[in-house]
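Contents: one structure, followed by commentary.
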Number of protein chains: 2
Amino acid sequence: MHPMTRWLDDDEQRTWRNFVAATQLLYAALDRQLQRDSGLPHTYYVILVGLSEAPERRMRMSELATWAQSSQSRLSHAVARLEERGWVRRERCPEDGRGNFAVLTDEGFTALAAAAPGHVEEVRRSLFDVLDPEQIRALDDICATVRARLER
Amino acid sequence: MHPMTRWLDDDEQRTWRNFVAATQLLYAALDRQLQRDSGLPHTYYVILVGLSEAPERRMRMSELATWAQSSQSRLSHAVARLEERGWVRRERCPEDGRGNFAVLTDEGFTALAAAAPGHVEEVRRSLFDVLDPEQIRALDDICATVRARLER
DNA sequence: GCATTTTACTTGAACTCTCATATACATTGG
DNA sequence: CCAATGTATATGAGAGTTCAAGTAAAATGC
């Protein structure tokens with residue numbers, strides 16, 4: 001396929017390993033905190049956030065999947081779980097018989113409101129508090145670039 | 001507990017969401033590539049890399065777990081799977097009856113060697129190729145800082 | 001020297017994620 | 001209008017991760 005691999009040089013390798021280590025530690029810390037304090041994995045938390053910001057706290061399943069960067073299957077399973085806990089409810093879409101809305105319930109909103117402060121604190125402790133303003137700007141820039149590249 | 005939550009301001013929120021989006025897209029791309037081309041999740045790949053770099057391609061389980069930033073349980077399950085595929089073998093530790101070595105087999109080394117080029121290409125495509133040298137330096141710095149913060 | 005604690009690792013169950021497939025409705029082309 | 005295709009979502013099985021125990025061997029302490 002490719003004639004030769006462009007291997008990572010030492011600097012690149014160090015950067016890559018720092019990246020993997022930092023991101024994995026960060027997500028591990030986030031997941032531990034959320035799980036401990038609210039019984040939610042981060043992906044589920046993101047789903048609730050998406051719904052909470054949507055008009056009438058409701059979104060079509062596929063729209064929500066896109067928003068949360070989730071596969072439809074993953075979202076479907078996740079919403080099923082959240083529905084069991086009474087935090088989300090499904091509603092058939094009147095305009096499109098195939099469609100479903102996911103609706104954040106009041107209990108779900110309350111749960112999210114309870115989970116948010118601890119989560120934000122963890123994000124600060126783990127990321128923003130250890131970086132200076134310049135680094136934060138640089139990080140935003142880098143992430144926006146990578147994101148744009150990978151979103152298509 | 002805490003008197004008031006220090007919420008994220010708009011800039012911080014944008015940065016955080018870019019960070020989550022970028023990292024998740026990146027890991028999704030990596031995992032897809034590795035799974036498709038070698039049937040390995042990224043975490044398993046990392047384990048093989050760790051072993052391949054260790055003296056005699058062997059490491060104590062706990063040492064390997066630390067290296068790969070894995071829980072012992074996760075590593076134990078992972079090595080069990082890799083053992084089934086014949087890519088890793090366990091050996092009792094003579095000095096410590098509780099201990100085990102994970103040893104990379106020749107088949108495992110071959111599999112890793114086959115997986116590496118595609119993986120490195122994906123890392124380049126998704127990350128290094130879209131950033132300029134200054135950004136890469138900044139990213140290294142940021143990740144090293146966050147990593148140090150979260151490693152203790 | 002033996003009971004206690006600690007360390008190294010494994011195991012099983014519960015949960016999440018992925019992938020392939022299924023279902024049901026919508027749209028399109030003739 | 002209806003067959004074919006496409007779209008929105010659900011479901012089930014398989015695989016990975018986590019968490020809580022469990023086992024077995026070492027270290028500790030009196």
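In 5' to 3' order, the nucleotides of DNA chain C bounding all contacts with chain B (an atom under 4.0 Å from a heavy atom) are C:dT7 to C:dG12.
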Exercise answer: donor-acceptor pairs, residues 68-77 of chain A side-chain atoms, under 3.5 Å, sequence neighbours excluded:
residue : atom : partner : partner atom : Å
A:Q69   : NE2  : B:A21   : O            : 3.4
A:S70   : OG   : A:L75   : N            : 3.3
A:S71   : OG   : A:R74   : N            : 3.0

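Shown here are the ring-ring contact (aromatic ring centres under 6.0 Å, His included) partners of A:W67, two or more places apart in sequence or in another chain: there are none. Partners of A:N18 under the side-chain hydrogen bond (donor to acceptor under 3.5 Å, both in side chains) rule, at least two apart in sequence or in another chain, are B:D140, B:R147. Residues that satisfy the ring-ring contact (aromatic ring centres under 6.0 Å, His included) test with A:F101, not counting sequence neighbours, are absent from this structure.
The ring-ring contact (aromatic ring centres under 6.0 Å, His included) analysis of residues 124-147 of chain A, with sequence neighbours excluded, yields no pairs. Every pair tested for salt bridge (Lys or Arg N to Asp or Glu O under 4.0 Å) that includes a residue from residues 30-49 of chain A fails, sequence neighbours excluded, so the list is empty. Residue pairs meeting the salt bridge (Lys or Arg N to Asp or Glu O under 4.0 Å) criterion with at least one member in residues 15-28 of chain A, sequence neighbours excluded: A:R17-B:E53. Residue pairs meeting the side-chain hydrogen bond (donor to acceptor under 3.5 Å, both in side chains) criterion with at least one member in residues 97-116 of chain A, sequence neighbours excluded: A:D96-A:R98, A:T105-A:E107.
Between the NE2 atom in B:H119 and the NE2 atom in B:H42 there is a gap of 4.5 Å [rounded to 0.5 Å].
Between the CG atom of B:N100 and the C1' atom of D:dA26 there is a distance of 15 Å, rounded to whole Å.
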Give me, pair by pair, the N or O atoms of the protein and of nucleotides 1-6 of chain D that are less than 3.5 Å apart, along with how far apart they are.
residue : atom : partner : partner atom : Å
D:dG6   : N2   : A:R98   : NH1          : 3.1

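The stretch residues 70-95 of chain A touches DNA chain D through A:Q72, A:S73, A:S76, A:H77, A:R90, each having a heavy atom under 4.0 angstrom from the strand. Within residues 29-62 of chain A, the residues approaching DNA chain D are A:R60, A:M61, A:S62, by heavy-atom distance under 4.0 Å.
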